[in-house]
Amino acid sequence: MSIVILIIIAVAILFGVRDLRIKFITRPVFSFFKKVLPPLSSTEKEAMEAGDVWWEGELFRGKPDWNKLHDYGKPGLTPEEQAFLDNQVQTALAMIDDFDIVHNRKDLPPELWDYFKKEGFFALIIPKKYGGREFSAYANSTIVSKIATRSISAAVTVMVPNSLGPGELLTHYGTQEQKDHWLPSLAVGKDIPCFALTGPEAGSDAGAIPDVGVVCRQEFNGEETLGISLTWNKRYITLAPVATVLGLAFQMRDPDGLLGDNKNIGITCALIPTDHDGVEIGRRHNPLNMAFMNGTTSGKDVFIPLDWIIGGPQYAGRGWRMLVECLSAGRGISLPALATASGHVSTKTTTAYSYVRQQFGMPIGYFEGVQEAMARIIANTYQLEAARRLTTLGIDLKVKPSVVTAIAKYHMTELGRDVMEDAMDIQSGKGIQLGPKNYLGHAFMANPISITVEGANILTRSLMIFGQGATRCHPYVLAEMEAAGMEDSAAGLDRFDNLLMGHIGYATRNALSSFGNALTGSVFSSTPVSGETKVYYRHMNRISAALATMTDISMLIMGGDLKRKEMISARMGDVLSQLYLASATLKHYEDNGRQHDDLPIVHFVMAQRLHFAAKALEEAVRNFPNKFVSILLKLIVFPLGNHFTLPADKDAVNLCVNMMKPSPARDRITFLCGEFEGDTSGIAEVEAAFIAKYQAKELYKKLKAAQKAKKLPAKLPMPDLLNKALAEGVITEQEHQQLLDADKLRLAAINVDDFDKL
């Protein structure tokens with residue numbers, strides 16, 4: 001015992017006496033830290049500094065402040081935004097015939113283009129003083145989602161001018177002259193914008209852009225002008241074939257020093273009219289047969305004046321930061337909106353179709369194999385809607401949550417792919433036969449587009465989410481990196497000493513919290529709510545502390561090599577992502593007023609999220625390159641094993657049965673897939689059949705009972721069976737007509753389109 005006391009006293013002195021601590025602890029750690037710091041490229045550094053830390057910072061630090069999450073408020077629409085959805089959006093939906101758009105026109109009809117321009121669909125983010133709508137991110141997302149339920153091609157056409165592009169860049173960075181010139185014409189659709197970033201040799205690695213602008217003097221409008229000679233070759237540029245103004249990203253160079261001593265100025269963005277001499281708009285691409293405009297642009301030795309740089313000459317070389325900051329917002333709105341629309345359509349139509357489509361004498365929705373997939377659709381749709389709301393809320397709070405929007409982009413597009421695949425599996429022939437009545441096929445075909453653009457999903461998962469999150473969200477690492485980089489070594493060491501003590505306390509607390517919660521099943525962990533969801537907050541506290549511990553140890557052991565261990569960093573990014581998605585789910589449940597009929601979905605979603613988070617954590621521990629540390633981590637994180645399981649079969653059955661009937665809960669997760677007069681997409685048709693059959697459910701039971709009692713034949717075509725039932729007095733004339741009408745709607749819903757020739 002005396003030895004233990006002496007050791008405690010010695011440690012206390014070592015840490016408590018500053019000179020001793022600096023000599024024996026801080027200085028060696030400081031030297032080691034400098035050696036293992038990961039090397040950052042200039043583009044990585046700019047990306048790291050561009051965004052803000054928001055809710056993901058709480059999740060990363062091991063002790064989330066759940067009250068902060070609930071205090072953010074909830075997203076909502078202004079009266080003006082709601083009126084736009086009720087009127088202009090509904091009118092636009094009624095003008096859309098997606099089969100005609102994709103298979104016949106390969107373009108939107110002229111009247112739809114004109115309507116989008118006239119009613120400000122391309123100006124959702126442009127300030128009102130320039131003639132724009134100036135809607136919130138939540139409204140922008142809702143509008144795009146609603147259009148996407150009927151046409152991906154139309155939704156992308158609306159989405160792009162309101163995402164990363166000239167409108168957003170001008171609004172945030174443009175000179176007053178540029179804003180006054182361009183924004184009013186963009187607001188009314190007189191000008192159509194596109195933004196050219198990607199080229200044949202540079203996609204995700206934007207720092208490798210080969211397109212070059214050289215500072216020089218040339219004649220422009222009859223005068224010798226200081227400007228830039230541009231050469232570029234871009235592809236995959238949405239709206240390029242119809243654009244009148246081109247946003248262009250390029251490497252700017254000043255070899256003759258006309259602007260100063262910096263010869264390699266860096267990535268720069270400029271705005272160029274497409275009718276300017278030398279600008280080439282190439283031929284169209286064909287993105288998986290979708291009809292939105294997408295193509296190429298190029299130019300060789302195209303001269304532009306310096307004041308065509310977005311933001312003016314002072315923004316030369318600042319293009320990458322501008323792009324990252326704008327992309328962090330657009331990435332959280334546009335593609336997640338398309339994914340959420342896929343969920344709403346899949347849930348609305350699959351629950352309806354599974355009720356009206358019969359096999360072996362019963363609706364297919366009562367087969368457990370179908371229920372397994374349908375439960376995933378329902379749960380994933382709830383998750384998509386929850387994540388859409390939380391992410392757009394963050395953007396509307398005027399933060400730039402770059403890590404959150406990377407999570408939203410990756411996981412929501414993957415969930416969108418999952419729901420479409422499950423919906424196609426269940427609706428099978430209905431889903432694969434293209435035609436005016438097919439509401440799944442085009443969205444299913446378009447899914448890979450969302451997966452590959454605005455940061456390919458593999459890159460986003462393996463490099464961005466954890467790569468940025470670990471440094472940006474950690475309460476000490478970024479500050480320690482800055483201390484290590486200070487020119488004044490003494491001042492750097494002094495600052496590092498203060499940070500290190502806090503870091504040690506932080507790491508110790510998280511390790512003890514992770515271990516203690518693992519041993520006790522998190523029962524002593526804090527929770528901000530009572531009721532059935534409190535257990536989820538407790539488990540998330542445990543996983544958050546485990547992630548923080550895993551992060552600290554990984555950075556300590558692997559240092560700069562961690563970013564090259566992409567499989568491990570991706571899994572730790574998955575843990576953070578699952579915590580974010582779970583947070584969105586719990587907040588959505590609270591924002592909805594803790595609706596009791598939402599609980600089966602919430603339980604299902606939360607079981608999934610916790611299972612996937614724990615599984616990713618377990619796999620990261622198992623694959624840790626240092627086996628001794630791997631064993632230590634397993635002892636801290638999973639001393640009793642991993643007991644987070646997927647939802648039980650009975651939960652899937654219960655979820656599906658509750659959703660195969662009209663209900664407020666079903667309406668809440670399908671509201672984006674709204675109804676309007678004249679809907680020929682097939683959605684209204686299958687919904688009408690669903691409602692009619694459900695309303696006649698007691699009559700179908702009466703028929704079944706009569707068949708069981710041998711009053712009616714067991715197998716007979718439905719019209720003949722109904723006639724026989726009427727003749728035998730099993731049903732009345734009114735009931736006979738109701739069943740005939742329901743069966744007519746049922747047959748229309750399950751039938752698919754056919755053609756004389758293709």
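For reference, positions follow the sequence shown, starting with 1.
In this structure, R622 pairs ionically with E619, as a charged nitrogen and a carboxylate oxygen lie closer than 4.0 Å. Under the 4.0 Å criterion applied to side-chain N and carboxylate O atoms, R668 and D598 are assigned as salt-bridge partners.
Listed by first and then second residue, the side-chain hydrogen bond (donor to acceptor under 3.5 Å, both in side chains) pairs that reach into residues 632-644 are E618-N642, sequence neighbours excluded. Residue pairs satisfying the salt bridge (Lys or Arg N to Asp or Glu O under 4.0 Å) criterion with at least one member in residues 570-579, sequence neighbours excluded, are listed as follows: R461-D574.
No donor-acceptor distance shorter than 3.5 angstrom exists from the side chain of K74 to the backbone of E590, with no hydrogens or angles considered. A distance-only check finds no donor-acceptor pair linking the side chain of T405 to the backbone of G332 [under 3.5 Å]. Remark: the backbone N or O of E566 is paired with a side-chain donor or acceptor of S569 at under 3.5 angstrom. Between the T268 side chain and the G317 main chain, a donor and an acceptor come within less than 3.5 Å of each other. Within the 3.5 Å criterion, the main-chain N or O of A456 finds a donor-acceptor partner in the side chain of T460. A donor-acceptor pair is defined here as one N or O able to donate and one able to accept, closer than 3.5 Å; no such pair exists between the side chain of K63 and the backbone of N510. Side chain of D211 to backbone of K234: no donor-acceptor contact under 3.5 angstrom is found. Between the side chain of S141 and the backbone N or O of A137 there is no donor-acceptor pair closer than 3.5 Å. Under a 3.5 Å cut-off, the side chain of N294 and the backbone N or O of Y236 do form a donor-acceptor pair.
Between W54 and L390 there is a side-chain heavy-atom pair separated by less than 4.5 Å. Two residues are said to be in side-chain contact when any heavy atoms from C-beta on lie closer than 4.5 Å; I568 and P625 meet this criterion. Counting only heavy atoms from C-beta outward, the side chains of Q578 and I543 never approach each other to under 4.5 Å.
Side-chain contact annotation: H344 with E385, donor-acceptor N/O pair under 3.5 Å present. Between the side chains of R388 and T340, no donor-acceptor pair of N or O atoms lies under 3.5 Å. Inspection of the T413 and N457 side chains reveals an N or O donor paired with an N or O acceptor under 3.5 Å.
In terms of heavy-atom proximity, Q383 sits nearest to A582 at OE1-N, 4.3 Å. Here the closest non-hydrogen pair linking S514 and I636 is OG-O, 3.6 Å. Here the closest non-hydrogen pair linking S513 and A545 is OG-CB, 3.7 Å.
When each of F466, F60, Y506 is checked for a ring-ring contact (aromatic ring centres under 6.0 Å, His included) with H474, only Y506 meets the rule.
For H588, the ring-ring contact (aromatic ring centres under 6.0 Å, His included) test picks out Y382, with sequence neighbours left out. With sequence neighbours excluded, the residues forming a ring-ring contact (aromatic ring centres under 6.0 Å, His included) with H603 are Y536, listed by chain and number. The ring-ring contact (aromatic ring centres under 6.0 Å, His included) check on F604 picks up nothing, with sequence neighbours excluded. Every residue two or more places apart in sequence or in another chain that forms a ring-ring contact (aromatic ring centres under 6.0 Å, His included) with F644 is listed here: H539.
Under the 30°/60° scheme for interplanar angles, the aromatic rings of W55 and W66 are found to be tilted.
Once rounded to the nearest 0.5 Å, the distance linking OG of S526 with CG of N67 reads 9.0 Å. The CD atom of E414 sits 9.0 Å away from atom CG of N447, with the distance rounded to the nearest 0.5 Å.
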